[in-house]
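Side chains are part of it too, since the values below use all heavy atoms of this structure and drop only hydrogens, waters and symmetry mates. Worth saying up front: this structure is predicted, and the values here are computed from it rather than measured.
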Amino acid sequence: MDFEFRMKTGFFETKMYDLLIGKGKLIFSPKESDDQLIAIPDKNILNITFKKSKKSFEMEIQTCEKIYQGLLDNKIDYEKFINQIKENINKKILCEYEGGR
């Protein structure tokens, strides 16, 4: 299953990606053909943080080299999404929203 993710790529710039959650890795597939695929193995992930507000669901992935930040589509089932992350990525996950586990 893939999820729409609007990644921050600059100060006032974002780009759309499909986020694919695989066993031991996260893959960001660009919606625009000129952008590069981003694959992040879980061995490179320090932690993942989720922040839920009334208008958006933010995700931040910290690696040793870079921090990936962005917004997930508001139409997703958050519990299902987080459970899929937990099942496939063996790293610390912080949930900062009401009802987070």
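- Atom OH of Tyr68 sits about 4.5 Å away from atom CD1 of Ile40, to the nearest 0.5 Å.
- Remark: the backbone N or O of Gln84 is paired with a side-chain donor or acceptor of Asn88 at under 3.5 angstrom.
- Shown here are the side chain to side chain donor-acceptor pair (under 3.5 Å) partners of Glu58, two or more places apart in sequence or in another chain: there are none.
- Note that CG of Leu72 and CZ of Phe50 are 7.0 Å apart. Values are rounded to the nearest 0.5 Å.
- Annotation: side-chain contact (heavy atoms from CB on, under 4.5 Å) contacts of Asp34 (sequence neighbours excluded): Glu32.
- The two residues Cys95 and Ile82 come nearest to each other via the heavy atoms SG-CD1, 3.9 Å.
- Within the model, atoms CD1 of Ile48 and CD1 of Ile89 stand 6.0 Å from one another, a figure rounded to the nearest 0.5 Å.
- Remark: Phe28 pairs with Phe5 by the ring pair (Phe, Tyr, Trp, His ring centres under 6.0 Å) rule, at least two apart or across chains.
- The side chain to side chain donor-acceptor pair (under 3.5 Å) search around Thr14 returns Arg6, not counting sequence neighbours.
- Leu26 and Leu71 fall into different hydrophobic clusters, defined by Ile, Leu, Val, Met, Phe, Trp and Tyr side-chain heavy atoms under 4.5 Å apart, directly or through other members.
- Taking Tyr17 as the reference, nothing meets the ring pair (Phe, Tyr, Trp, His ring centres under 6.0 Å) condition, with sequence neighbours excluded.
- Under the rule for a side-chain contact (heavy atoms from CB on, under 4.5 Å), the partners of Ile27 that lie at least two apart in sequence or sit in another chain are Leu20, Lys25, Leu37, Ala39.
- Every residue two or more places apart in sequence or in another chain was checked for a side chain to side chain donor-acceptor pair (under 3.5 Å) with Asn90, and none qualifies.
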Margin query: Quick one, Phe3 with Met59, criterion side chain to side chain contact (heavy atoms under 4.5 Å, CB included). Give me CA distance, side-chain angles, the key distance, then yes/no.
Written below: CA-CA 12 Å; Phe3 303 92; Met59 182 171 72; over 6 Å; no
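- Distance CG/Asn44 to CD1/Ile61: 11.5 Å, rounded to 0.5 Å.
- Legend: salt bridge (Lys or Arg N to Asp or Glu O under 4.0 Å) pairs involving residues 13-23, not counting sequence neighbours, sorted by first then second residue: Lys15-Asp35, Asp18-Lys31.
- Here OG1 of Thr63 is found 8.5 Å from NZ of Lys66. Values are rounded to the nearest 0.5 Å.
- Through chains of ILVMFWY side-chain contacts below 4.5 Å, Phe12 is grouped with Phe11.
- Atoms OG1 and CE, from Thr9 and Met16 in turn, are 12.0 Å apart once rounded to the nearest 0.5 Å.
- Among residues two or more places apart in sequence or in another chain, the side-chain contact (heavy atoms from CB on, under 4.5 Å) test is passed with Ile67 by Glu60, Gln62, Gln69.
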